[in-house]
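Take a look at the structure below.
Scope of the values below: all heavy atoms of this structure, side chains included, with no hydrogens, waters or symmetry mates.
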Amino acid sequence: MDTPYQDFLARALVALIVGRKAVINQISKLMPGKANPEANRQEIRRFLGQPSMTPERWAKIIANFLPKFPWTLAMDRTNWKVGDSIINILYIAVIYNGVAIPLFWVMLDKEGNSDTKERIELWTRLLNCFPDQPLNFITADREFIGHDWVEWLIEKGIPFRIRVKAREYFTSSKGEKKKASQWFHFSSCKCKKSPMTLWGLSVFVGGKRLATNDFLVVISDKYSDVLSDYSLRWKIECLFQSFKGRGFDLEMGHLTDQYRLKSFLGILALAVCCCFKVGLWLEQRTPLKLKKHGRRAVSILRRGLDLLQTLLAPLAGHRDTTLFFQAIGTWKATG
């Protein structure tokens, strides 16, 4: 990234992490440096209007925070309302070490679900950006279903674990056709060893009855432990929670201009990456014991955020930049 952007982003990240609010007015007040809040606010708005900060550029910056490994990707959508404006964003995130890292996103200029065309366009951009990146699989909820979409994934050779509705009809290799709920009425956490037909497509399927009496039914491109694989999708839900009320209060930002919001989400993604890297460093040195349910008492992301907030607090809003640029120099030197 260009040096002027590095210094600006470092200052903005200090303010965002210390204040824990994705709100431009607050970030402008907490940014280190000699500029007053109004000048900082104008600098933020100029940066958010930079045409060079494309989704592909953000994705490559974010990928630099990740080790080299085959990606498990989750796709989901988050939305909220600001006055009469609807903010609707389609996301792809990398799942690593129990954390979802935002990688690619697109603003949907409408309410409700994405369509097949929008999903394919987003995935095509991602695949073109990382043509040599190996993939484990992608996982997505019932919103992301349909013949054309699944057919496209199969044609492109993209592994998938996607939940479908229990009322969908599956046909076995023997020609028996039943609803998904009927196939898994008496089974638990099982993937059928032979492929079945759904929407005229050959897929593997696994399912179980939930405690709510609903059914969890997941389709896959190959035989595997599809339900365990699919469970990783929940990490992107946790990411959205960290964006919003449980983390950075993104919904309170009142930023409705889609062009600027798209870049603002890049700054937020960068903050998540910094917190993840520090949290992973802490976990490698002092692992936390797992609770009885098998999860950490505090997530890696939260550990990193808590420590960074404490360490960066003395820099926030500080007019003397000497200490700040010494810290940035150390950060650049250590990578």
Side-chain angles (χ1 to χ4, degrees), residues 72-80 86 88-95 100 102 104-106 108 110-123 126 135-156 158-172 177-185 187-192 195-241 243-244:
T72 296
L73 300 171
M75 180 169 59
D76 207 348
R77 187 176 55 85
T78 186
N79 61 87
W80 65 92
I86 299 294
N88 196 11
I89 311 167
L90 180 62
Y91 262 100
I92 299 173
V94 180
I95 309 298
F104 237 88
W105 53 90
V106 64
L108 300 179
K110 64 179 185 181
E111 293 187 58
N113 298 350
S114 62
D115 58 35
T116 297
K117 180 176 181 291
E118 289 162 336
R119 297 169 205 159
I120 290 176
E121 285 179 353
L122 180 61
W123 277 94
L126 185 147
L135 301 178
N136 278 331
F137 55 85
I138 70 167
T139 180
D141 204 356
R142 287 172 289 191
E143 175 180 327
F144 302 94
I145 58 174
H147 171 275
D148 292 348
W149 166 239
V150 175
E151 184 180 47
W152 183 82
L153 292 174
I154 293 172
E155 288 177 351
K156 293 295 181 181
I158 300 173
F160 58 86
R161 313 287 188 269
I162 299 176
R163 185 177 182 182
V164 298
K165 296 173 182 177
R167 65 172 180 262
E168 299 290 354
Y169 280 88
F170 287 84
T171 305
S172 71
K177 186 175 182 179
K178 294 189 295 188
K179 287 183 180 179
S181 57
Q182 293 173 308
W183 280 114
F184 296 100
H185 188 71
S187 61
S188 175
C189 299
K190 291 181 180 178
C191 179
K192 301 294 184 182
M196 306 182 80
T197 301
L198 172 68
W199 309 320
L201 303 171
S202 178
V203 295
F204 287 87
V205 57
K208 68 175 182 178
R209 181 190 286 273
L210 301 173
T212 58
N213 232 22
D214 193 4
F215 288 85
L216 173 62
V217 182
V218 179
I219 59 172
S220 171
D221 62 302
K222 66 178 182 179
Y223 177 75
S224 67
D225 188 356
V226 294
L227 301 187
S228 293
D229 289 347
Y230 172 78
S231 68
L232 295 175
R233 190 204 69 83
W234 177 248
K235 302 303 178 183
I236 197 170
E237 297 278 4
C238 297
L239 173 66
F240 294 157
Q241 291 171 9
F243 279 173
K244 298 178 181 179

(message) I need the minimum non-hydrogen distance between R163 and I145, along with the two atoms involved.
(response) O-CG2, 3.3 Å
(message) Determine whether T72 and F137 satisfy the following criterion, side-chain contact (heavy atoms from CB on, under 4.5 Å), listing intermediate values before the conclusion.
(response) CA-CA 5 Å; T72 296; F137 55 85; 3.6 Å; yes
(request) Supply the atom-to-atom distance T78 OG1 to L108 CG, rounded to the nearest 0.5 angstrom. (result) 11.0 Å
(message) Give me the atom names and distance for the closest heavy-atom approach of S114 to F144.
(response) OG-CE2, 3.5 Å
(request) Could you check I89 against W80 for side-chain contact (heavy atoms from CB on, under 4.5 Å), going step by step and ending with a plain yes or no? (result) CA-CA 9 Å; I89 311 167; W80 65 92; 3.7 Å; yes
(message) Tell me the closest heavy-atom pair linking A100 and L239, and the distance in Å.
(response) O-CD1, 3.5 Å
(request) Over all heavy atoms of both residues, which pair between P159 and L135 is shortest? Give the atoms and the distance, please. (result) CG-O, 4.3 Å
(request) Would you sort out whether D214 and R209 count as a salt bridge (charged side-chain N to carboxylate O under 4.0 Å, His left out), showing the intermediate values? (result) CA-CA 6 Å; D214 193 4; R209 181 190 286 273; over 6 Å; no
(request) Kindly determine whether R119 and W152 satisfy side-chain contact (heavy atoms from CB on, under 4.5 Å), including the steps that lead there. (result) CA-CA 10 Å; R119 297 169 205 159; W152 183 82; over 6 Å; no
(message) Would you say that L73 contacts I95 through its side chain, given a criterion of any heavy-atom pair below 4.5 Å between the two side chains?
(response) no
(request) Determine whether more than 12 heavy atoms belonging to other residues, nucleotides or ligands lie under 6.0 Å from atom NZ of K244. (result) yes
(request) Report yes if the side chains of W123 and I92 come closer than 4.5 Å at any heavy-atom pair, otherwise no. (result) yes
(message) Using every non-hydrogen atom in the two residues, find where A140 and Y230 come nearest and quote the distance to one decimal.
(response) O-CE1, 3.2 Å
(message) Testing V150, D141, L216, V217 one by one against V164 for a side chain to side chain contact (heavy atoms under 4.5 Å, CB included), which residue passes?
(response) V217
(request) Could you grab the distance from atom CH2 of W199 to atom OH of Y169, nearest 0.5 Å is fine? (result) 14.5 Å
(request) Would you indicate whether the side-chain heavy atoms of D229 and S220 approach each other to under 4.5 Å? (result) no
(message) My understanding is that only residues two or more places apart in sequence, or in another chain, count here; which of them pass ring pair (Phe, Tyr, Trp, His ring centres under 6.0 Å) with Y91?
(response) W105, F240, F243
(request) Quick one: which residue pairs count as a salt bridge (Lys or Arg N to Asp or Glu O under 4.0 Å) with a foot in residues 143-156, not counting sequence neighbours? (result) R77-E143
(request) May I ask you to test the L153-W149 pair for a side-chain heavy-atom distance under 4.5 Å? (result) yes
(request) Carefully, step by step, assess I219 and L201 under the rule side-chain contact (heavy atoms from CB on, under 4.5 Å). (result) CA-CA 11 Å; I219 59 172; L201 303 171; over 6 Å; no
(message) Please find the pair of heavy atoms, one from M196 and one from V205, that lie closest to each other, and give the distance.
(response) SD-CG1, 3.2 Å
(request) Tell me, yes or no, whether the heavy-atom count around K178 atom NZ, taken from other residues, nucleotides or ligands under 6.0 Å, exceeds 12. (result) yes
(request) Could you tell me which residues satisfy salt bridge (Lys or Arg N to Asp or Glu O under 4.0 Å) with E118, sequence neighbours excluded, listed by chain and number? (result) K110
(request) Would you verify whether the NZ or CZ of K192 falls within 45 degrees of the ring axis of F184 while also being under 6.0 Å from that six-membered ring's centre? (result) yes
